[in-house]
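Down below is the structure, laid out as structure tokens.
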Amino acid sequence: MAIVETESKIVRLDGTRQNWLEKIPAQYWVVGILLLIMPLFASDFMLFQIFGWTFILGMIALSLMFLAGYGGMVSLAQMTIAGLAGYLVAILGDSAITEISQGWPWYAAIPVALIVTALFASAIGWLAVRTDGIYTIMITLAIAAAFFYFARQNYEVFNGFSGFNSIHPPSLFGVDWRGPKAFYYLTLFWAVASYLFILYISRAPFGLALQGVRDNSRRMSALGYNVVAHRVAAYTLAAIPAGIGGILLTWQSAQISPGTVGIGPAIDVLVVAVIGGLGHPIGAFIGALIYVLLKTFSTDALIALSLSGERFRLLIGLSFLVIVFFSPDGILGLWKKFKVWQQRNPFEQSDGRDL
Amino acid sequence: MKKSLIAASMLAAGMGFSTTSMAADPLKVGVLATLEGTYTALGEDGVRGLKTALAEIKNQMGGRDVELVIGPTDASPDSAVRAARKIVEQDGVDIVIGPLSGSEGIAIRDYSKTQPGVTFINGISGAQETTYVEPSENFFRFNMDGAQWSAGLGDYIYNEKGYRSIATVGEDYSFVYTQVFGLVTEFCAAGGEVTERLWVPLGTKDFGSIIAALPDDVDAIYLGLGGGDAVNFLNQYQQAGGDANLIGGTIMVDGTVLNSKGDAKNALIGTPSAGPQADTWDDPKWQAYVKSYQDTFAPEDRFPSPSLLATGYYNAGHAVAQCMDKIDGDLSDGHAGLRSCLSSLELDAPNGKITLDENRQAIGTNFVSEVVEVEGGGLATKLVSMKEGVNQTLGIDAAAFAKIGLPSRDAPECKTSY
């Protein structure tokens with residue numbers, strides 16, 4: 001045992017590259033294995049409804065986290081982008097509304113849906129990047145509201161208030177992808193893929209430049225970067241996890257209607273991203289889990305306290321308020337505070353000077 | 001202290017007694033009701049209706065205690081399916097009662113097909129498609145659909161009121177399409193004309209443009225709005241000085257609107273409408289039900305008399321209770337006994353006898369009524385005529401009815417015969 005340890009240390013002192021497996025931090029192993037073996041002990045409801053929804057909502061919030069955290073652009077249109085992808089899969093693929101749905105096979109419908117979604121997101125980005133701060137929020141909120149009302153009143157393409165129902169994932173490899181376990185792994189796979197994708201981008205030159213643009217766009221343009229193009233490209237990239245999330249969301253509820261892309265859901269995505277924390281991609285998924293748990297169980301919690309279950313919205317609102325009040329950086333901020341508190345030396349003042 | 005001790009020991013004794021006499025497990029009943037958004041007041045009254053039924057049967061069905069699990073929705077199909085999934089798959093309910101709103105009903109019918117081990121009793125949702133197109137084996141509806149709720153109204157406004165041409169304003173979704181469907185088929189068959197059909201999104205706050213677009217060369221305007229939308233429309237219509245003759249859709253003249261605050265609702269006095277109940281009907285069974293509802297809740301926690309939402313959930317609750325009693329609460333046969341009982345049940349409901357057709361859709365009595373002021377200044381609906389045995393095809397031959405097509409924004413056409 002000891003020999004092995006010294007050996008590995010020697011290897012590192014030599015300066016040779018670590019094995020890629022060794023580079024994965026311990027917490028990734030724990031969480032990863034836990035998520036992989038989840039179906040062994042979790043009920044179908046937990047898998048499909050709680051975790052399935054968490055991963056989907058996490059992906060959509062992840063796209064907002066990427067724009068807001070790394071790009072400094074708070075976009076309320078991410079749910080709209082996700083919803084468009086869902087709508088396109090319904091319109092191009094199969095649904096119960098046969099007069100509108102084109103019935104394309106999945107290998108045509110899904111890529112086209114994602115490409116159109118990315119183009120739509122770039123157009124939103126192109127409009128929104130000319131503004132800053134609160135004006136970006138307003139423009140993207142206006143787009144979200146306009147899309148919602150358009151989808152609700154357009155009957156030729158979006159089928160109005162009722163939208164589309166009976167939209168099912170393709171049964172590839174003979175698997176029913178809407179079965180609880182299959183759907184769990186499907187959403188888990190895409191959530192992990194989106195997470196790694198955003199994590200990679202954030203450390204790649206593009207992501208670093210984007211963070212530079214966020215911190216000081218003038219300096220970046222003086223250095224020769226095309227700031228507008230960078231920001232628009234960020235919107236395009238962010239559309240990928242959002243679009244995949246939107247398609248999975250449509251499959252999960254087997255339907256999409258204007259209610260899915262309403263202003264409420266658009267703001268919920270911001271809430272999810274903020275309570276999770278905008279500092280790291282994992283925040284989006286933590287926020288989504290908290291949101292889903294609250295939304296699903298708040299009625300039960302109220303009834304358990306022998307209060308009227310009808311006021312469940314109040315509990316959800318209060319919980320968010322408490323999280324944001326104690327930690328403006330969301331749950332991730334709380335974690336950081338906890339770590340700092342843990343490492344604090346009782347003989348030092350908080351600014352590091354001796355007492 | 002002594003008193004509370006006695007009370008506690010009595011309570012403990014009572015509990016001990018009930019557990020020994022109760023061999024069977026409690027029966028879990030899930031309720032889907034709109035407790036968010038524009039239909040909140042309606043969903044709350046639906047839950048009150050079910051609780052009234054439970055109070056009457058002492059919270060017992062087939063010798064088992066009833067445990068209610070509430071699934072809140074916001075009238076969108078997404079939220080209904082999510083709530084249904086939670087109460088079925090997480091809480092493990094045996095029976096689901098609900099939902100309330102039209103498009104929710106269609107979504108829950110589809111969901112019920114994936115849960116053959118659970119029996120679904122519709123709350124009060126009234127889209128025609130729910131039981132007319134691809135009906136589900138384990139989805140039962142003891143209320144009539146929106147078109148049946150219009151039965152008798154077309155004849156009444158043509159023959160009694162003398163209206164010859166009307167325009168309609170309605171919320172843009174399946175339930176109101178179904179309501180207008182029932183009105184148009186009857187009114188046009190009588191010889192009337194529907195000149196224009198205007199649709200507004202559910203949850204509209206500003207009706208300014210719609211009010212401006214209302215035609216003034218018609219005899220009357222039909223309003224197919226509900227909940228907050230109805231109150232908002234009436235307020236703005238009154239401020240705009242509107243004084244046309246009105247015709248009410250079923251939930252337009254329901255207790256949820258007639259008991260709203262403010263005086264805008266007074267514009268509805270004299271308005272004819274049709275639906276599955278008339279508030280001031282003097283039938284003893286109806287009166288007994290109204291009293292039971294009033295006794296179950298304190299006056300500040302309820303409407304003066306039950307809305308049709310309450311009646312729908314009340315009837316659904318009693319239908320389940322009667323069949324559970326008949327099979328002694330035994331669901332071990334995969335609900336087969338319960339379902340065959342429900343299919344052949346003749347429910348002696350406070351709003352007339354209800355039976356089910358082969359699609360498990362109610363055949364019942366419809367009431368044409370007018371809004372009147374009652375003692376104490378409130379508004380209620382007063383019966384003017386009744387139509388018994390209204391089936392889903394509205395008395396039209398099944399093949400001819402199928403040819404009319406499903407209700408939509410512009411179906412059916414206005415014709416004198418179908």
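All values below come from the heavy atoms of this structure, side chains included, with hydrogens, waters and symmetry mates left out. Protein chains get the first letters and strands the later ones, always in sequence-line order, with residue 1 at the start of each.
For residues 168-179 of chain B, the set of pairs meeting the salt bridge (charged side-chain N to carboxylate O under 4.0 Å, His left out) definition, not counting sequence neighbours, comprises B:D172-B:R409.
Residue B:K403 qualifies as open at atom NZ: its count of foreign heavy atoms under 6.0 Å is 12 or below. Counting non-hydrogen atoms of neighbouring residues, nucleotides and ligands closer than 6.0 angstrom, the CH2 atom of A:W190 reaches no more than 12 such neighbours. For A:F41, the CZ atom is densely surrounded, since the number of other residues' heavy atoms within 6.0 Å is greater than 12. Counting heavy atoms of neighbouring residues, nucleotides and ligands inside a 6.0 Å radius, atom CD of A:Q102 exceeds 12 of them.
Of the two parts of A:Y149, neither the backbone nor the side chain holds a non-hydrogen atom closer than 4.5 Å to a non-hydrogen atom of chain B. Heavy atoms of A:T260 lying under 4.5 Å from chain B belong to its backbone as well as its side chain. The contact between B:D78 and chain A is made by backbone and side chain atoms together, counting heavy-atom distances below 4.5 Å. Using a 4.5 Å cut-off between heavy atoms, B:S103 contacts chain A through its side chain alone, with no backbone atom that close.
Among A:Q252, A:M46, A:K295, the residue with the largest count of heavy-atom pairs under 4.5 Å with chain B is A:Q252.
Separating the CZ atom in B:R85 from the CZ atom in A:F48 is a distance of 4.0 Å, to the nearest 0.5 Å. A distance of 7.0 Å separates CZ in A:F45 from CD in B:E89, rounded to the nearest 0.5 Å.
Annotation: residues 49-57 of chain A contacts chain B through A:Q49, A:W53 [non-hydrogen atoms, separation under 4.5 Å].
Inter-residue side-chain proximity for B:K86 and A:F297 is flagged as met; some heavy-atom pair is nearer than 4.5 Å.
Taking all atoms of both residues into account, the shortest heavy-atom contact from A:R152 to B:L202 is NH1-O, 3.0 Å.
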